[in-house]
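Residues: numbered from 1 along the sequence shown. The figures that follow rest on heavy atoms only: side chains count, while hydrogens, waters and symmetry mates do not.
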Amino acid sequence: MFVRIVKMSFHQKHIKEFLMMFEKKKALIRASKGCQLLELYQDKKNPELFFTYSYWNTEQDLENYRNSEFFISTWQQTKLYFNGKPEAWSVDKRESLQ
């Protein structure tokens with residue numbers, strides 16, 4: 001299992017639209033084959049800055065999702081709201097204390 005972290009910065013005027021879109025689509029994202037967890041974070045000091053964390057069983061599961069028509073159309077819509085270039089990382093989780 002690994003974690004995909006995506007950093008996105010949105011124009012202030014599009015944050016509400018993004019959140020409404022995420023609300024509609026989050027269950028479908030989470031239901032994608034191999035997706036074990038989906039989280040959305042918003043920065044406390046810069047409300048235009050968001051992060052998604054998603055946990056995937058395999059890199060192929062993520063690639064299958066990223067190549068799906070659902071992702072492609074969702075990403076096309078999301079890109080309209082950006083005020084900066086998104087960044088993404090795939091990382092291996094080393095520890096988690098709860």
Under a 3.5 Å threshold, yes or no: a donor from one side chain and an acceptor from the other, between Ser90 and Arg4?
yes

Heavy-atom check, side chain of Gln77 versus side chain of Met21, under 4.5 Å
yes

Does any part of the side chain of Leu40, heavy atoms only, come nearer than 4.5 Å to the side chain of Lys26, both counted from C-beta?
no

Do Tyr53 and Val6 touch side chain to side chain, with heavy atoms closer than 4.5 Å?
no

Do Ser54 and Trp56 have side-chain atoms, one donor and one acceptor, less than 3.5 Å apart?
yes

Do Gln36 and Asn57 come within less than 4.5 Å of each other through their side chains, counting heavy atoms only?
yes

Contact summary for Leu49 and Ser9, nearest pair of heavy atoms:
CD1-CB, 4.3 Å

Got Pro47 and Gln42 here, is their nearest side-chain heavy-atom distance under 4.5 Å?
yes

For atom CD of Glu59, is the number of surrounding heavy atoms from other residues, nucleotides or ligands below 6.0 Å larger than 12?
no

Are a donor atom and an acceptor atom from the side chains of Glu39 and Tyr41 found within less than 3.5 Å of each other?
yes

Report the residue from Tyr81, Phe10, Phe22 that forms a ring-ring contact (aromatic ring centres under 6.0 Å, His included) with Phe50.
Phe10

Any donor and acceptor pair, going by atom type alone, linking the side chain of His11 with main-chain N or O of Phe82 inside 3.5 Å?
yes

Please check: side-chain N/O of Asp92 versus main-chain N/O of Phe2, any donor-acceptor pairing under 3.5 Å?
no

Nearest heavy-atom neighbours spanning Glu48 and Asn83
OE1-ND2, 3.0 Å

Answer whether the closest heavy-atom distance between the side chains of Phe51 and Met8 falls below 4.5 Å.
no

In the structure I gave you, are the side-chain heavy atoms of Val91 and Ile5 within less than 4.5 Å of one another anywhere?
yes

Does any part of the side chain of Thr74, heavy atoms only, come nearer than 4.5 Å to the side chain of Leu28, both counted from C-beta?
no

Check Phe71 against Arg66 and note the closest heavy-atom contact, atom names and distance.
CD2-O, 3.1 Å

On a heavy-atom basis, which atom in Lys13 and which in Glu17 lie closest, and how many Å separate them?
O-OE2, 3.7 Å

Please check if the side chain of Thr58 supplies one atom and the backbone of Asp61 the other of a donor-acceptor pair under 3.5 Å.
yes

